[in-house]
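Note on naming: letters A, B, ... go to the chains in the order of the sequence lines (proteins, then strands), and numbering restarts at 1 for each one.
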Number of protein chains: 4
Amino acid sequence: MNKKREVHASVKDERLVMKRRDQMIRGAVALFKKKGFHRTTTREIASAAGFSIGTLYEYIRTKEDILYLVCDSIYDQVRDRLQGMDTSQGTLESLRLGIAYYFKIMDEMQDEVLVMYQEVKSLTKDALPYVLKKELEMVGMFETLIMRCQENGELDIDSHHVHMLAHNIFVQGQMWGFRRWALRKQWTIEEYISIQTDLLFSGIKGYKTTVGTGGER
Amino acid sequence: MNKKREVHASVKDERLVMKRRDQMIRGAVALFKKKGFHRTTTREIASAAGFSIGTLYEYIRTKEDILYLVCDSIYDQVRDRLQGMDTSQGTLESLRLGIAYYFKIMDEMQDEVLVMYQEVKSLTKDALPYVLKKELEMVGMFETLIMRCQENGELDIDSHHVHMLAHNIFVQGQMWGFRRWALRKQWTIEEYISIQTDLLFSGIKGYKTTVGTGGER
Amino acid sequence: MNKKREVHASVKDERLVMKRRDQMIRGAVALFKKKGFHRTTTREIASAAGFSIGTLYEYIRTKEDILYLVCDSIYDQVRDRLQGMDTSQGTLESLRLGIAYYFKIMDEMQDEVLVMYQEVKSLTKDALPYVLKKELEMVGMFETLIMRCQENGELDIDSHHVHMLAHNIFVQGQMWGFRRWALRKQWTIEEYISIQTDLLFSGIKGYKTTVGTGGER
Amino acid sequence: MNKKREVHASVKDERLVMKRRDQMIRGAVALFKKKGFHRTTTREIASAAGFSIGTLYEYIRTKEDILYLVCDSIYDQVRDRLQGMDTSQGTLESLRLGIAYYFKIMDEMQDEVLVMYQEVKSLTKDALPYVLKKELEMVGMFETLIMRCQENGELDIDSHHVHMLAHNIFVQGQMWGFRRWALRKQWTIEEYISIQTDLLFSGIKGYKTTVGTGGER
DNA sequence: GATGAATGAGTCTTCATTCAT
DNA sequence: CATGAATGAAGACTCATTCAT
């Protein structure tokens with residue numbers, strides 16, 4: 001179901017492939033963060049990974065493969081950590097905690113998120129969908145979280161709004177990463193979480209609107 | 001005050017410089033949108049602009065100058081159009097209209113916003129501040145809009161929150177551009193405006209909270 | 001009719017393109033002769049041609065283009081010189097002179113012929129036909145020469161044999177080039193011409209055979 | 001006398017060396033035929049031979065060794081089969097049969113001959129003589145065949161011409177291989193043999209000439 | 001003896017930039 | 001001012017060869 005886009009490796013030993021790719025990804029993330037994908041050379045990546053250019057190419061076919069591997073891996077990490085979120089409760093408190101949890105992850109993975117965020121668009125047209133799907137899956141997790149609250153009667157929110165809310169939460173998490181230059185000057189991650197949660201929740205709290213193109217109340 | 005970073009041109013005729021740069025920017029935006037800054041060559045830009053590579057370099061010094069010119073120009077356009085916003089009223093309704101207005105601009109300038117959004121990070125460290133400052137200016141416009149409401153008593157919102165709210169609005173505008181792939185499938189710009197406004201306003205409406213890690217009050 | 005396979009050049013000036021390509025071909029032939037196509041680098045070709053690697057690529061797209069250009073040019077030279085052959089007479093003497101003329105050309109163009117002979121097979125599948133067609137054209141010239149004699153009653157030869165004879169003549173010309181290592185030790189070009197002509201003619205002279213698999217008289 | 005150029009093998013077991021090299025040569029011929037020596041990688045050869053790249057290098061020292069081994073082996077095969085020719089008779093008929101026999105071999109070994117033909121020139125200067133010597137040996141076999149006829153009085157041919165005739169026969173055999181693209185369209189191997197024999201023999205039959213640049217007698 | 005992962009020199013090709021006309 | 005030919009540094013990728021297991 002979660003069909004991955006396979007990246008060809010000449011080396012057969014699966015365990016070795018995983019190990020080397022891990023080294024590679026670590027090195028690449030550091031470099032991409034500093035100079036971006038295009039300004040980073042494959043040689044630099046190889047040497048940051050601790051092996052030769054020849055070895056690098058035993059584990060990938062093209063430079064773009066590295067980018068895909070990097071993005072894919074970051075998404076996986078984020079998603080995996082997100083799985084730790086308690087999605088079963090269906091209480092406002094658990095939603096709040098979920099958001100805080102996610103924002104914290106985004107804070108801890110700042111570099112990775114920034115890199116991924118800035119470089120996904122460099123992915124080839126054929127790799128992009130795989131990554132985008134993962135993003136939607138994550139948005140979906142927040143959607144579930146919110147709907148669970150609604151089913152539980154803890155929340156009264158137009159169903160059209162649920163999806164948007166999930167998107168907003170997701171983007172606000174990323175925003176902490178990609179607008180660091182502005183946000184970090186004013187707030188700590190704790191403050192950011194607190195304020196954003198307030199802003200989000202004070203609205204969710206049962207305010208009713210008439211849906212439609214442009215009007216409420 | 002608005003010290004611009006000057007881009008050197010060999011040509012003296014100011015009017016001509018502006019004309020040529022305009023052609024150049026138009027061509028570059030189209031190309032950057034399709035292939036990104038790094039995958040676009042200076043020759044392509046020159047030819048899209050309608051002149052030779054030699055001529056191109058009469059009006060810029062390096063390829064990065066073009067990127068700066070492009071970003072700068074897009075920000076200027078957005079800001080100029082944003083000036084049309086009525087910021088004096090200080091009513092919730094005018095805030096709402098302001099947001100709708102801004103989102104509409106973002107929709108109309110989709111391509112430009114997308115380009116700018118994806119490529120600012122490619123700007124050299126010395127050009128970035130100039131562009132970032134413009135972004136903050138725009139955020140500032142929303143801040144003013146919101147504070148005007150508060151001064152008017154139309155809004156009761158923690159002053160810490162005002163700045164964040166302004167950022168959120170700004171990002172949500174961009175979001176319509178850079179998350180097109182997901183959002184466009186579900187909503188028209190009108191729906192997007194309506195829903196986001198609802199979500200924003202229903203929260204602004206005076207909800208007070210005590211919960212939170214780094215809570216206030 | 002003689003549709004050439006176009007090799008793309010970035011430079012527009014047709015005269016310049018011809019001049020540069022000529023330099024390029026000269027340099028390439030010398031190098032190919034010494035080291036073969038595959039062992040010659042594009043840099044070497046550029047520098048043998050008297051310009052930089054960047055300039056080289058203004059006049060071709062890939063290294064294979066050079067090979068095609070080289071082969072094509074050599075064939076053209078041979079064919080052009082071959083046009084000087086008097087094909088109208090239809091006498092045995094003129095046939096003899098034609099052969100001598102061709103063998104002399106092969107001798108003078110030794111290097112080129114050797115190169116071409118050894119490297120055509122490296123041409124890409126799409127370039128090969130263009131070159132092969134030229135070879136057949138030249139074979140055709142000998143065929144004409146022979147048939148003219150027959151029409152004139154100077155020669156009595158089975159029409160099946162005419163084509164083969166033309167091929168043989170053509171190959172024997174090349175043979176002087178590609179078997180230099182053996183032939184040169186024993187004969188001068190004049191001797192080679194004389195002996196081969198004898199061998200050829202003593203057979204043409206009206207000997208009759210019953211066609212079929214293996215038997216005559 | 002037939003000093004072979006030794007190719008170093010790390011493996012001691014002579015029988016194994018021969019077996020492995022045989023596998024190697026078979027694989028290499030198939031690949032060289034399709035892509036040529038230079039475009040074939042050692043890995044491909046190893047895998048076509050059925051073993052690993054590491055193993056390959058246990059039986060050779062450099063890639064060129066493979067080429068030498070391949071050429072050497074092909075020449076050996078041709079020569080071995082040529083030994084089957086009856087060289088003792090000294091009759092025109094046996095000469096004719098010898099030629100037919102040789103052409104048939106060339107037909108059956110088309111691929112090998114083509115490969116060898118196209119790639120000998122890639123042999124290093126130090127390997128070439130060994131291979132060329134074999135070629136001359138084969139030419140020598142035809143020379144013997146012809147001279148036997150002359151001694152027998154079956155043939156009256158200038159002794160200068162004998163050597164050339166032998167060369168011609170040899171080249172015409174190869175020609176059936178390397179000009180397949182043109183010849184196969186028109187003749188079967190039987191027809192080719194028949195016509196070439198006719199052409200050859202009708203000339204040998206005692207024609208005397210005085211004309212020619214470097215004429216004899 | 002066999003394996004295949006590691007190596008890095010070497011190759012083709014691109015492209016920003018210059019400068020003579 | 002405009003042009004476009006020339007330049008060469010730099011980058012992606014390959015592949016023959018080695019060597020530890």
Among side-chain atoms of A:Arg26 and A:Gln23, is any donor-acceptor pair under 3.5 angstrom?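 There is no such pair (donor and acceptor under 3.5 Å, judged by atom type) between the side chains of A:Arg26 and A:Gln23.
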
Looking at B:Arg61 and B:Glu6, is there a salt bridge between them, counting it only when a charged N and a carboxylate O are closer than 4.0 Å? no

Salt-bridge test for A:Asp72 and A:Lys134: reply yes if a basic N is under 4.0 Å from a carboxylate O, no otherwise. yes

Pairing partner of [N] (Watson-Crick or G-U wobble, both distances under 3.5 Å):
N      : result
F:dT21 : E:dA2
E:dT13 : F:dA10
E:dG8  : F:dC15

Any heavy-atom pair between the side chains of [Y] and [X] that's under 4.5 Å?
X        : Y        : result
C:Glu112 : C:Lys33  : no
A:Tyr117 : B:Phe178 : yes
A:Val11  : A:Arg20  : no

Hey, does the side chain of B:Lys63 reach the backbone of B:Thr40 with a donor-acceptor pair shorter than 3.5 angstrom? yes

Do any N or O atoms from the side chain of C:Arg21 and from the backbone of C:Tyr59 form a donor-acceptor pair under 3.5 angstrom?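 Yes, the answer is positive, given that a donor and an acceptor are paired below the 3.5 Å cut-off.
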
Figure out the CG/C1' separation between C:Leu56 and F:dT7, and round it to whole Å.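 Taking CG of C:Leu56 and C1' of F:dT7, I get 12 Å after rounding.
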
Tell me: CZ of C:Phe51 to C1' of E:dT13, nearest whole Å? 16 Å

Between A:Gly50 and D:Val11, who's closer to the 5' end of DNA chain E by nearest nucleotide? D:Val11

So if I define the base as every atom that isn't primed, P, OP1 or OP2, how would nucleotides 14-21 of chain E read as a B/S/- string at a heavy-atom cutoff under 4.0 Å? BSBBB---

Contact list please: residues 12-27 of chain B against DNA chain F, heavy atoms, distance less than 4.0 Å, in numerical order.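 Per residue number, the list reads B:Lys12, B:Asp13, B:Leu16, B:Arg20.
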
Indicate whether OP1 or OP2 belonging to F:dA5 is found under 4.0 Å from a side-chain N or O atom of C:Tyr59. no

